[in-house]
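What's counted below: heavy atoms across the whole structure, side chains too, no hydrogens, waters or symmetry copies. One-based numbering along the sequence shown.
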Amino acid sequence: MKKILKNKKILIGIIMVTFVIIIAIISIFYTPNDPYLVNLSVKFSNPNQKFLLGTDQLGRCVLSRLMVATTYSVFLSFSILVILIVISLIIGITSIYFGGIYNSIISIICDIFMIFPPFALALVLNNILGIGIKNFVIAIVSSMWVWFVKIIRTYVQVELKKEYIVASKIAGCTNIKLIFYYILPNIFPSLLVYFSTNIASIILIISAFSFLGMGFSSSIPEWGGMLTQGKAYFYSSPSLIIFPGLCILFTTTGFNLLSEGLKEYLES
């Protein structure tokens, strides 16, 4: 553990990510003000004792909305990542391990899906399914699962060629035991780096969709949505864009530093 923390990227990444997660948890139970309360009498207020970061065009507390937006961005990203991990692990490992027609079909499907850029595909699917968090999650998972499966299939393919797999099969090791006791633990470090990198990507996709007015209701605090609502007031109240922009930058930088640090540690 001490050796890992000696890597500055990992250390800084952990600190930044931990800070974001703590804010996300705190906002579930506490915010300085009601993030949804509209009060036009205090709109565009400068930072003060009650509103530490001021208010937006509808008189809503900017700090409270940023905190709640952290919850949506972080936990929704983790939820999407977990779904992607489960789907990709099941399909990726079984397709390579058992091979045959099943593997050929999965390979063809992956090749077809990879023709389309993930963001463009998610955009089309979200337009078809309509606005809503559930449909938004389905659109992102449907557009990204193939890339996760492709990576896992590559790792498993490399692992199956190693001598210990042959030795385990000769020793009478069952398929389930071989997958969970040998293959998964050996590819886990590489997968951890890939998954941590994609958290930042998912957060950016969520923010981009919100910025385009898709995926979330306009009343729901989300960093991308706050950017969209604040861009009309850029010259009079630039903080409405600066604060959510900084939140996106800080969070994605934290996850990227963590993943880069883990990659350097594993390659050293």
Side-chain angles (χ1 to χ4, degrees), residues 16-17 19-39 43-44 51-84 118-120 122-123 125-127 129-144 198-234 237-256:
M16 294 173 73
V17 169
F19 175 76
V20 171
I21 292 173
I22 289 172
I23 294 297
I25 293 171
I26 289 173
S27 66
I28 297 173
F29 306 100
Y30 169 79
T31 53
N33 298 282
D34 185 348
Y36 303 97
L37 180 63
V38 175
N39 185 356
K43 66 178 182 179
F44 297 120
F51 303 109
L52 297 180
L53 296 181
T55 59
D56 64 9
Q57 70 279 6
L58 296 177
R60 298 171 298 191
C61 177
V62 172
L63 176 59
S64 299
R65 290 181 68 77
L66 288 172
M67 290 176 66
V68 174
T70 306
T71 306
Y72 276 102
S73 295
V74 172
F75 290 133
L76 187 57
S77 299
F78 274 112
S79 300
I80 292 171
L81 184 65
V82 168
I83 295 171
L84 285 168
F119 185 79
L123 200 63
L125 289 172
N126 197 67
N127 272 324
L129 296 171
I131 293 176
I133 294 178
K134 180 182 176 182
N135 293 337
F136 176 66
V137 171
I138 292 172
I140 293 182
V141 171
S142 299
S143 65
M144 294 186 70
N198 275 276
I199 275 284
S201 300
I202 294 170
I203 289 173
L204 285 174
I205 290 174
I206 292 172
S207 298
F209 268 73
S210 296
F211 183 78
L212 295 171
M214 304 171 67
F216 292 94
S217 167
S218 58
S219 62
I220 294 177
E222 202 287 321
W223 294 328
M226 293 176 73
L227 282 172
T228 299
Q229 294 169 23
K231 68 181 180 181
Y233 311 98
F234 176 73
S237 298
S239 61
L240 297 181
I241 286 182
I242 292 172
F243 289 135
L246 287 174
C247 288
I248 295 171
L249 178 63
F250 182 88
T251 305
T252 53
T253 300
F255 281 108
N256 281 330

> The test is side-chain contact (heavy atoms from CB on, under 4.5 Å); show your working for Leu66 and Trp223 and say whether it passes.
CA-CA 7 Å; Leu66 288 172; Trp223 294 328; 4.0 Å; yes
> Distance-only, no hydrogens or angles: does the Thr251 side chain make a donor-acceptor pair with backbone N or O of Cys247 under 3.5 Å?
yes
> Ignoring hydrogens and geometry, is there a side-chain-to-backbone donor-acceptor pair from Thr31 to Asn33 under 3.5 Å?
yes
> Step by step, would you call Asp56 with Arg65 a side-chain contact (heavy atoms from CB on, under 4.5 Å)?
CA-CA 10 Å; Asp56 64 9; Arg65 290 181 68 77; 3.8 Å; yes
> What's the shortest heavy-atom distance between Ala24 and Thr70, and which atoms?
CB-CG2, 3.8 Å
> Quick one: does Thr252's side chain have a donor or acceptor within less than 3.5 Å of a partner on Leu249's backbone?
yes
> For the OG atom of Ser79 and the CD1 atom of Ile202, what is their distance to the nearest 0.5 Å?
10.0 Å
> Distance check, rounded to the nearest 0.5 Å: Leu240 atom CG versus Met226 atom CE?
7.5 Å
> If you take all heavy atoms of Ile206 and Ser77, which pair is closest and at what distance?
CD1-OG, 3.3 Å
> Is a side-chain N or O of Ser142 found less than 3.5 angstrom from the main chain of Ala139, in a donor-acceptor match?
no
> Verify side-chain contact (heavy atoms from CB on, under 4.5 Å) between Leu58 and Tyr36, making sure each step is shown before the conclusion.
CA-CA 10 Å; Leu58 296 177; Tyr36 303 97; over 6 Å; no
> Rounded to the nearest 0.5 Å, what separation is found between the OG atom of Ser64 and the CG atom of Asp34?
8.0 Å
> Minimum heavy-atom separation for Asn256 and Ala200, please, with both atom names.
OD1-CB, 3.6 Å
> Please say whether more than 12 non-hydrogen atoms of neighbouring residues, nucleotides or ligands are located less than 6.0 Å from CZ in Phe234.
no
> Ignoring hydrogens, what is the shortest heavy-atom contact between Leu37 and Arg60? Give both atom names and the distance.
O-CG, 3.1 Å
> Roughly how far apart are Asn135 CG and Ile140 CD1, rounded to 0.5 Å?
11.5 Å
> Within the structure provided, determine whether Leu63 and Phe243 are in side-chain contact (heavy-atom separation under 4.5 Å).
no
> State, yes or no, whether a side-chain contact exists between Thr253 and Met16 at a heavy-atom distance under 4.5 Å.
yes
> Given 3.5 Å as the limit, does a donor-acceptor pair link the side chain of Asn198 with the main chain of Ser201, or not?
no
> If you apply the rule side-chain contact (heavy atoms from CB on, under 4.5 Å), what do you find for Val38 with Lys43, and how did you get there?
CA-CA 9 Å; Val38 175; Lys43 66 178 182 179; over 6 Å; no
> Does a side-chain heavy-atom distance below 4.5 Å link Pro221 with Met67?
no
> Tell me whether Phe19 at atom CZ has more than 12 heavy atoms from other residues, nucleotides or ligands lying less than 6.0 Å away.
no
> For the backbone of Phe51 and the side chain of Thr55, can you confirm whether one donor and one acceptor N or O come within less than 3.5 Å of each other?
no
> Verify whether one side chain among Thr71 and Ser27 offers a donor that lies under 3.5 Å from an acceptor in the other.
yes
> Going from CD1 on Ile23 to CD1 on Ile26, what distance comes out if it is rounded to the nearest 0.5 angstrom?
5.0 Å
> With rounding to the nearest 0.5 Å, note down the distance linking CG in Leu125 to OG in Ser143.
7.0 Å
> So Lys231 and Leu227, do their side chains get closer than 4.5 Å, heavy atoms only?
no
